[in-house]
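Positions are given from 1, in the same order as the sequence printed here. Excluded from the calculations below are hydrogen atoms, water molecules and symmetry mates; all remaining heavy atoms, backbone and side chain alike, are included.
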Amino acid sequence: MEKNRITGSEALLRTLIAEGVECVFGYPGGQAIPIYDCLYDYRDRLHHILVRHEQGATHAAQGYARVSGKTGVAIVTSGPGATNTITGIADAMIDSTPIVVITGQVPSPMLGTDAFQEVDMIGLALPITKWAYQVRRADEIAWAVSRAFYIASSGRPGPVLIDFAKDAQVETVDYAYRPVRFIRSYQPVPETDPEKITEAVDAINGARKPFAVAGQGVILSGAEQALKDFLDKADIPAGTTMLGLSSMPTDYRLNKGMLGMHGNIAPNRKTNECDVLIAVGMRFDDRVTGNLDRYARQAKIIHIDIDLSEIGKNVPVDIPLPGDAKEILTTLTARLHHARHDAWIASFDADEQEEENRVIRREINPVSGPLHMGEVVRKVSEATGHDAVLATDVGQNQMMSVRYFKYKHTRSVISSGGLGTMGYGLPAAIGAKLGAPERTVCCFVGDGGLQMTIQELGTIMQEKLNLKIILLNNDFLGMVRQWQALFWNGRYSFTPMENPDFVAIAKAYRMGARAVSEREELDDAIREMLEYDGGYLLVAHVENAGMVYPMVPAGKSLNDMIIE
């Protein structure tokens with residue numbers, strides 16, 4: 001057992017290292033100076049990335065966690081530094097992303113006095129974290145941080161906040177690292193009822209039109225191969241949620257595409273035709289289901305999820321299977337019959353062809369006019385051999401990117417799902433690149449979202465990151481404009497944007513940059529971007545009235561898609 005007298009700040013850093021942390025994202029300030037002074041001596045053991053805004057630290061930690069499977073870490077100061085992390089914490093909570101956020105705090109004797117830069121971070125963070133704790137004594141830090149990592153990464157992952165009073169940072173303590181691997185009041189993986197397993201096996205074996213929906217829980221549990229084995233043995237076609245996209249390769253024969261508001265026609269329609277629906281690691285979000293009163297009413301629903309509170313929350317479930325997705329899928333597969341559902345799977349073909357004819361060809365192969373978003377996305381994906389990590393911002397750029405990018409490997413989609421956070425894309429891509437430095441990371445952003453965190457170009461410059469950013473610039477807040485066009489009589493209230501010279505801005509940050517508006521230039525520009533050794537911004541001037549189709553209007557059934 002390691003034991004010696006050190007400060008609370010050093011105890012923090014030693015515990016981070018003991019928990020396997022290699023890099024942290026942060027921004028120093030007055031109430032975190034002792035931590036940062038200690039970091040000065042740990043630079044060879046902890047890679048600290050200086051972001052340009054604390055929100056960027058949390059989103060970068062998210063991107064790092066999502067691509068690496070590790071827990072992301074952010075360190076910031078008190079007051080506004082701490083409150084600037086709230087958006088990223090909330091985003092991580094709803095998207096089940098494991099991050100630990102460490103905030104400085106005023107000395108404990110000053111708590112409650114409205115001291116300079118004092119904010120009740122525990123009160124703010126409790127509703128949007130798995131756990132939030134305030135450290136007031138140095139002897140708490142090793143226990144609290146190890147507990148934080150255990151809670152953040154186990155069960156359904158999520159964010160944890162540690163608020164670190166300044167006097168505890170400088171106080172000395174006999175340090176001893178004691179890893180937390182069990183908490184009596186916390187059961188991260190619920191027990192699965194064996195009788196329900198039998199019911200599920202019987203239902204799947206008896207199904208004529210089974211359909212599976214894979215969510216991010218497949219990726220979080222490492223169940224990608226278990227899912228494929230399950231689908232292959234029972235010959236079950238599957239769709240995915242947006243965050244579950246890379247749980248299966250795009251070209252896998254049973255992968256029928258993305259579900260939801262801007263999902264693919266076939267899996268949306270077939271949801272309301274299947275006789276058994278197997279939901280794996282997804283939460284029946286409203287953007288996936290549409291009108292719940294008309295969602296899969298004909299199907300017997302099996303729900304596999306590690307979070308008991310999600311089962312039956314939105315959709316009534318016939319066979320609940322709480323527990324770890326990998327374990328449950330493996331158990332089910334061992335008991336399933338080998339099956340063939342040729343006619344059922346072939347019935348997807350007509351819908352797929354309809355989408356190809358009415359939507360996809362028009363979007364990725366336009367014969368004239370301005371560049372299309374989907375056209376740019378598909379060409380970038382092809383140029384990377386469909387082997388890159390996709391990071392997106394939020395809006396039309398996000399929906400076009402996830403629709404037209406293709407995937408070979410798991411953990412290849414980094415996007416804000418439940419919270420829909422504009423400004424997420426750029427800092428999350430930074431974290432993704434640091435989490436998977438060997439992979440090409442392509443970040444697609446819109447002109448609105450980019451300007452919310454554009455200062456993080458400075459982080460790319462300082463870290464010398466080989467990150468590729470593609471700005472789909474339509475001079476609009478595009479998704480809001482789409483809704484205004486379809487549902488608000490074309491009243492474009494404050495959605496047109498007058499934009500700066502993005503190429504000049506990128507070059508000011510010592511990045512490569514180029515703008516294209518002509519189709520004939522696009523291939524060469526993409527090649528230049530991918531061959532450039534360093535950060536690069538490609539500005540693609542796309543049609544400003546482009547629409548993301550198909551679209552399920554809010555409150556409508558999945559069968560009520562607007563297709564063109």
Side-chain angles (χ1 to χ4, degrees), residues 61-72 91-99 130 152-159 188-189 212-232 236 238-252 254-260 263 267 278-285 287-288 303-307 310 321-330 332-333 386-392 398 401-402 405-419 424 428-429 431-432 435-436 439 441:
Q62 287 177 273
Y64 179 89
R66 291 269 288 272
V67 80
S68 70
K70 301 175 182 178
T71 300
D91 194 290
M93 185 67 176
I94 199 166
D95 279 356
S96 306
T97 306
I99 63 172
K130 288 187 73 177
S153 62
S154 59
R156 180 180 181 176
V189 182
V213 180
Q216 189 189 197
V218 172
I219 297 169
L220 294 174
S221 69
E224 296 91 342
Q225 186 60 47
L227 174 67
K228 188 173 181 295
D229 293 342
F230 169 80
L231 299 176
D232 283 338
I236 299 174
T240 74
T241 66
M242 185 183 75
L243 295 187
L245 273 169
S246 65
S247 60
M248 298 180 283
T250 306
D251 61 0
Y252 171 52
L254 293 172
N255 184 355
K256 298 302 177 180
M258 185 176 75
L259 290 134
I278 308 106
V280 187
M282 55 87 74
R283 56 189 181 84
F284 291 109
D285 174 73
R287 289 295 176 100
V288 169
H303 191 183
I304 301 169
D305 204 283
I306 204 165
D307 187 347
E310 292 293 351
L321 295 178
D324 178 77
K326 184 177 180 180
E327 293 179 7
I328 292 173
L329 286 171
T330 301
L332 290 174
T333 302
H386 307 305
D387 203 28
V389 173
L390 169 69
T392 86
Q398 176 187 41
S401 299
V402 297
F405 216 76
K406 293 188 176 184
Y407 320 97
K408 288 183 178 178
H409 306 291
T410 189
R411 296 190 177 274
S412 291
V413 180
I414 313 299
S415 194
S416 173
L419 199 62
Y424 173 95
R439 298 190 67 184
V441 177

Subject >> Full working for side chain to side chain contact (heavy atoms under 4.5 Å, CB included) between F230 and V280 >> reply: CA-CA 11 Å; F230 169 80; V280 187; 5.6 Å; no
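- One side chain, D91 or S416, offers a donor N or O that lies under 3.5 Å from an acceptor on the other.
- Side chains of R66 and D95 form a contact here, defined as non-hydrogen atoms less than 4.5 Å apart.
- Across A92 and Q62, no two heavy atoms sit closer than the pair N-NE2, 3.3 Å.
- Side-chain contact between I304 and L332 is present, with at least one heavy-atom pair separated by less than 4.5 Å.
- A distance of 13.5 Å separates OG in S221 from CZ in R156, rounded to the nearest 0.5 Å.
- The two residues A226 and T330 have their closest heavy-atom pair at CB-OG1, 3.9 Å.
- For the residue pair D229 and T333, the shortest heavy atom distance occurs at O-CG2, 3.8 Å.
- Taking 4.5 Å as the limit, some side-chain heavy atom of Y252 sits within range of a side-chain heavy atom of D232.
- To the nearest 0.5 Å, the span separating CD1 on I306 from CD on E327 amounts to 8.0 Å.
- Residues T241 and R283 have side chains not in contact (no heavy-atom distance under 4.5 Å, counting atoms from C-beta outward).
- No side-chain heavy atom of V213 sits under 4.5 Å from any side-chain heavy atom of F284.
- More than 12 heavy atoms of other residues, nucleotides or ligands lie within 6.0 Å of CZ in R439, so this atom counts as buried by the packing criterion.
- Contacts of D387 classified as side-chain contact (heavy atoms from CB on, under 4.5 Å), with partners at least two apart in sequence or in another chain: K408, H409.
- In this structure, the side chains of V402 and Y407 come closer than 4.5 Å at one or more pairs of heavy atoms.
- Of the residues listed (S246, S247, S401), the one engaging V413 in a side-chain contact (heavy atoms from CB on, under 4.5 Å) is S246, and it is the only one.
- Taking both residues in full, the closest heavy atoms of I328 and L321 are given as CD1-O, 3.4 Å, listed atom of the first, atom of the second, then distance.
- A pairwise comparison of heavy atoms in A152 and T71 identifies CB-CG2, 4.3 Å as the closest pair.
- No more than 12 heavy atoms of other residues, nucleotides or ligands shown are found within 6.0 angstrom of NZ on K326.
- With contacts defined as side-chain heavy-atom distances shorter than 4.5 Å, the pair F405/T392 does not qualify.
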Subject >> Stepwise side chain to side chain contact (heavy atoms under 4.5 Å, CB included) test for M248 and T240 >> reply: CA-CA 9 Å; M248 298 180 283; T240 74; 3.3 Å; yes
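- Heavy atoms only, all atoms of each residue included: P98 and K70 are closest at CG-O, 3.9 Å.
- For the atom pair CG of L231 and CG of N255, the computed distance is 9.0 Å after rounding to the nearest 0.5 Å.
- Rounded to the nearest 0.5 angstrom, S412 OG and L390 CG are separated by 8.5 Å.
- D285 CG to E310 CD: the interatomic distance, rounded to the nearest 0.5 Å, is 9.5 Å.
- Within the 4.5 Å cutoff, side-chain heavy atoms of M242 are placed close to those of M258.
- Taking CD1 of I414 as the start and OH of Y424 as the end, the distance is 6.0 Å to the nearest 0.5 Å.
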